[in-house]
Amino acid sequence: MFALVDGNNFYVSCERVFRPSLQGRPVVVLSNNDGCAIARSNEAKELGVAMGAPWFQIRHLAESDGLVALSANFPLYGDMSDRVMSLAAGLGPQQEIYSIDESFVGLHGVRGDLTERSRRVRDRILQWTGIPCGIGIGTTKTLAKLANHIAKTAERKPTSYPGEMSQICNLSALSAQTLEATLAATDVGEVWGVGRRIGAQLRDAGVQTVWDLARMDPATVRSRWSVVLERTVLELQGVPCIGLDDEPSPKKEIASTRSFGRPITDLAPLIEAVSEFVGRAAEKLRKQSGLASQVLVFAHTSPHRTGPRFNRSITLPLRRPTADTALLAQAALSGVRRIYEPGYQLTKAGVMLLDLLPDHVQQGELNLDQDTGPDRSRLMSALDALNFRYGKGTLHLASTGVPGESRQWGMRQERRTPNYTTNFMEIPVARA
DNA sequence: TCTGGGGTCCTAGGACCC
DNA sequence: TCTGGGGTCCTAGGACCC
């Protein structure tokens with residue numbers, strides 16, 4: 001048995017904890033550069049604001065309907081998330097933190113009335129953090145997720161489901177008839193794992209509701225769609241196929257990407273941006289004690305605008321896996337120089353660290369040379385500690401190799417060994 | 001004028017091998 | 001017309017998630 005605990009309109013709810021005057025008003029939280037809406041209050045949803053709606057398309061609602069827009073404050077949301085998660089953990093013996101606002105709780109061995117227990121946990125979270133949650137319970141993760149959707153929808157739209165399902169919905173406690181009626185009243189697109197594409201295909205095939213999907217033959221689903229959808233069908237039928245991921249597994253890739261506030265055309269600001277991306281990505285990498293074997297860099301023009309299109313990426317294999325910002329930056333910047341071409345309005349770029357390994361693998365098996373040895377590793381630790389203490393971006397390495405560029409700092413003048421300068425291998429440029 | 005930033009998994013198809 | 005039959009590994013791209 002699983003529960004899914006999910007904060008309602010999470011970012012908006014976090015903001016409301018500190019600005020109670022926002023209660024009852026239509027509120028959205030905007031992405032970076034205030035580009036688009038990434039969280040909406042119920043009132044904003046009522047106004048028809050879609051998830052991901054560009055701000056310039058909905059800003060008129062500020063005047064007409066008092067829509068309030070806030071710039072995202074991710075450190076705050078992360079902090080609130082930690083508090084909610086630790087309270088949600090009280091629901092059962094195991095917890096998988098699935099996203100910033102959601103966690104699955106394994107209920108194996110928990111006795112008593114699960115619905116009542118969930119009610120108490122929900123109340124405690126609300127009282128201690130100010131964040132309202134929905135809790136869904138089911139025999140599989142997919143059913144718990146669905147139950148959570150029903151709990152939240154029943155609260156927001158009182159006519160959609162029976163009132164008892166509001167806030168807490170335990171699908172495993174329903175009679176067969178009620179369960180059927182509930183699943184039949186829910187659109188197939190609400191199922192975890194059924195997105196826009198598959199949803200449309202299912203509807204074309206006459207599968208409209210969750211009940212329709214749950215009744216399908218798994219083997220048929222597998223041959224006509226995929227093993228992924230087959231698992232979903234089995235889970236809807238109560239056959240657990242997706243286990244609880246107790247401890248967070250190390251990331252297999254780490255990305256740092258951003259849209260630019262205004263388009264970039266020159267190489268220098270692009271290099272500057274990519275240097276920062278590498279710094280952030282490398283920090284995440286060191287936090288999980290990992291090493292990267294490849295670095296990918298990309299840049300592109302806006303897909304929403306007319307004009308010359310540019311969309312390139314390059315993957316640079318490293319001779320040795322590393323977590324050293326300078327070495328990663330060196331590879332990334334050489335990549336930038338190779339894909340860069342003047343004459344384009346670049347709106348987004350990013351860095352991805354690929355083929356990640358745990359760092360103990362290398363230390364046991366390879367001899368580190370001086371540039372990647374203990375001194376460099378301690379320098380990186382100091383860098384991370386300072387940035388943690390004084391805020392992200394307090395200190396970063398100067399970009400290497402751009403004559404006359406500003407913000408030079410220590411690393412650039414360092415002695416270089418052959419390995420240092422040839423840590424990545426040359427490969428052809430990928431063009432899309 | 002203005003459109004987020006992360007991730008994961010699966011599959012198809014090509015390269016290469018015997 | 002017809003052009004072996006498997007394997008494995010890698011990559012690109014699709015689809016999904018929050």
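The structure presented is a predicted model; accordingly, all values stated were derived computationally and were not measured. Naming: A, B, ... by sequence-line order, numbering from 1 per chain.
The shortest distance between the side-chain N/O atoms of Lys284(A) and the OP1/OP2 oxygens of dG6(B) is below 4.0 Å. Checking the phosphate oxygens (OP1, OP2) of dC9(B), a side-chain nitrogen or oxygen of Lys252(A) falls inside 4.0 Å. The shortest distance between the side-chain N/O atoms of Lys251(A) and the OP1/OP2 oxygens of dG6(B) is not below 4.0 Å.
A donor atom on one side chain and an acceptor atom on the other are found under 3.5 Å apart for Thr115(A) and Asn170(A). Remark: the Gln201(A) side chain and the Trp225(A) side chain contain an N/O donor-acceptor pair separated by less than 3.5 Å.
Within 4.0 Å of Ser256(A), counting heavy atoms only, lie sugar-phosphate atoms of the nucleic acid but no base atom. Among the atoms of the strands shown, only primed sugar atoms or phosphate atoms (P, OP1, OP2) are found under 4.0 Å from some heavy atom of Asp101(A). Contacts of Leu30(A) with the nucleic acid, taken as non-hydrogen atoms under 4.0 Å apart, are absent. At the heavy-atom level, Val29(A) lies nowhere under 4.0 Å from the strands shown. Within 4.0 Å (heavy atoms only), Ile100(A) reaches no atom of the nucleic acid at all. Counting any heavy atom pair closer than 4.0 Å across all strands shown, Glu102(A) reaches sugar-phosphate atoms only and no base atom.
Counting only residues at least two apart or on different chains, the salt bridge (Lys or Arg N to Asp or Glu O under 4.0 Å) pairs with a member in residues 3-14 of chain A are Asp6(A)-Lys152(A).
Annotation: proximity of residues 60-72 of chain A to DNA chain B (heavy atom, distance under 4.0 Å) is found for no residue. Looking at residues 294-308 of chain A, you'll see His304(A), Arg305(A) sit with a heavy atom under 4.0 Å from some atom of DNA chain B.
With respect to Asp123(A) and Arg119(A), no salt bridge is recorded, no charged nitrogen being found less than 4.0 Å from a carboxylate O. Salt-bridge formation is not detected for the pair Glu235(A)/Arg231(A): no Lys NZ or Arg NE/NH1/NH2 atom is positioned less than 4.0 Å from an Asp or Glu carboxylate oxygen. Using a 4.0 Å cut-off between charged nitrogen and carboxylate oxygen, Arg203(A) and Asp187(A) count as a salt-bridge pair.
Across every non-hydrogen atom of Gln95(A) and Leu244(A), the tightest pair is N-CD2, 4.3 Å. Closest non-hydrogen pair, Phe2(A) versus Ala144(A), comes out as O-CB, 3.6 Å.
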Self-check item: side chain to side chain donor-acceptor pair (under 3.5 Å) between Thr186(A) and Tyr161(A), intermediate numbers included
Solution: CA-CA 9 Å; Thr186(A) 307; Tyr161(A) 296 101; 2.6 Å; yes

Exercise. Would you please test Asp324(A) and Thr322(A) for side chain to side chain donor-acceptor pair (under 3.5 Å) and show each step?
Key: CA-CA 6 Å; Asp324(A) 188 308; Thr322(A) 184; 5.2 Å; no

Practice problem: Assess whether ring pair (Phe, Tyr, Trp, His ring centres under 6.0 Å) is satisfied between Tyr98(A) and Phe104(A), documenting all intermediate values. | Solution: CA-CA 7 Å; Tyr98(A) 179 67; Phe104(A) 286 100; 5.6 Å; yes

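With the nearest nucleotide of DNA chain B identified for both Phe260(A) and Ala255(A), Phe260(A) has the one nearer the 5' end.
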Practice problem: Treat a base pair as Watson-Crick or G-U wobble with both distances under 3.5 Å, then lay out DNA chain B in dot-bracket form, 5' to 3', with | for cross-strand pairs. | Solution: ....||||||||||||||

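Relative to the side chain of Ser259(A), the nucleotides dT3(B), dG6(B), dG4(B) differ in distance, and dG4(B) lies closest. When the nucleotides dG4(B), dG5(B), dT3(B) are ranked by their closest atom to the side chain of Ser31(A), dG4(B) comes out on top.
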Exercise. Between protein and nucleotides 10-16 of chain B, map the contacts as a letter string: B base, S sugar-phosphate only, - none, heavy atoms under 4.0 Å, written 5' to 3'.
Key: SS-----

Please output the side-chain donor-acceptor pairs of residues 248-265 of chain A that fall under 3.5 Å, not counting sequence neighbours, one pair per line with the distance.
none

